[in-house]
Every structure is written in structure tokens, then in C-alpha cells.
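Not measured: the values here are computed from a predicted model.
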Amino acid sequence: MDTRNKRVDGLVKKIDTLKKEISLTFMRTQNLMISSYFDKAFDSITNLEEVENYRKKLYCFKDYLGAMEGYTFFNEYYVNKMEQLETKYNALENGEVETALKIITKKESKFVTLFKILKRFLFGESAKEKNIQY
């Protein structure tokens, strides 16, 4: 009976670990899709009408999110994009089309990305990862 209980406990632990891994992978993938799509759409904005369409799309996208406890990526991304969008809106409104087109999103260098991966590999899951900040 003890052997069976230990085996069951081991399987339950493995299931919980795999569930957590699947959840983290889902959240990272979702975050990547959000940032990829909306960064590209942001870069292609050329007039005030597109600014408003972008604003509406980004706001409405919150209804399609998967979330878990501690998930903050979308809220932070939304606030950041709204600040950038305001800057772009003002530039377009003032006729500074070239300036507005040069307003781009920050992208991590491959070196920074590699460093983060190595850090996660060497030091394990940090508190920031538990909040799904990717």
C-alpha cells in the first residue's frame, strides 16, 4: 500500500509540474504573439484614423486573453503602447509625419535575450518569471 501511495504521489507531482510548464509556455507564447502583432501594427500607423483603430484593437484584445494568477504582461504592455501611441498621435496631429514614422518600439538585442535564457537556465525560475513577465 505504501509503494502504491508513493507512486501515486510521484505521478501527481509530475502532473502538477507538467501543468505548470504548459501554463508558462502558453503565457510566453501569448505574450510573444501580442507583442509581435501589435508592435508590427504600431510601426505601420501613418494617420490619425489608424491610431484610433489601433487603440480600439488593443483595448478589445483584452477580452481574448488567457490569464493566470500574477499575470501582468498585457496591462504593462497596454500602458506602454498607449504612451507611445499618444506620442505618435501628437506627431501626426502636428504634421510631423516623418517623426511619427520613426517612433518605434524597443526590441531586445539577441545578446540580451541570450543572457536572459542563460540566467534562467543557471539560476532557475526567478520571482519575475513567476509573474509571467515575458
Inset, instruction - For Tyr54, enumerate each residue passing the ring pair (Phe, Tyr, Trp, His ring centres under 6.0 Å) test, keeping only those at least two apart in sequence or located in another chain. - result: Phe38, Phe42
Inset, instruction - Report the distance from atom CZ of Arg28 to atom OG of Ser23, rounding to the nearest 0.5 Å. - result: 11.0 Å
Legend entry - Expected output: side-chain Ser44 to main-chain Ala41 donor-acceptor under 3.5 Å: yes
Legend entry - Note, Asn31 side chain near Tyr71 side chain (heavy atom, < 4.5 Å): yes
Inset, instruction - Output the distance between atom CD1 (Ile45) and atom CG (Leu85), rounded to the nearest 0.5 Å. - result: 5.0 Å
Inset, instruction - Any chance you could measure Gln30, atom CD, to Ser35, atom OG, to the nearest 0.5 Å? - result: 10.5 Å
Legend entry - From Tyr78 atom OH to Phe61 atom CZ, the distance as rounded to the nearest 0.5 Å: 13.5 Å
Inset, instruction - Measure the spacing between NZ of Lys81 and CD of Glu86 and express it to the nearest 0.5 Å. - result: 14.0 Å
Side chains of residues 6-18: which donor-acceptor partners sit under 3.5 Å, not counting sequence neighbours?
unit_1: Thr17; atom_1: OG1; unit_2: Lys13; atom_2: O; d: 3.0

Inset, instruction - Drop me the distance from Thr29's OG1 to Met27's CE, to the nearest 0.5 angstrom. - result: 10.0 Å
Inset, instruction - Indicate whether any N or O donor in one side chain lies under 3.5 Å from an N or O acceptor in the other, for Asn94 and Tyr89. - result: no
Inset, instruction - Verify whether one side chain among Asn80 and Gln84 offers a donor that lies under 3.5 Å from an acceptor in the other. - result: yes
Legend entry - Student check: side-chain heavy atoms of Leu24 and Lys20 closer than 4.5 Å: yes
Inset, instruction - Using a 4.5 Å cut-off on heavy atoms from C-beta on, say whether the side chain of Lys62 contacts that of Asn75. - result: no
Legend entry - Shortest non-hydrogen separation from Ile34 to Leu65 and the atoms involved: CD1-CD2, 3.4 Å
Legend entry - Connected via hydrophobic side-chain network under 4.5 Å: Tyr59 and Tyr64: yes
Inset, instruction - Please work out whether the ring planes of Tyr77 and Phe73 are parallel, tilted or perpendicular, with thresholds of 30° and 60°. - result: parallel
Inset, instruction - Give the intermediate values and the outcome of side-chain hydrogen bond (donor to acceptor under 3.5 Å, both in side chains) for residues Thr87 and Glu83. - result: CA-CA 6 Å; Thr87 303; Glu83 290 171 357; over 6 Å; no
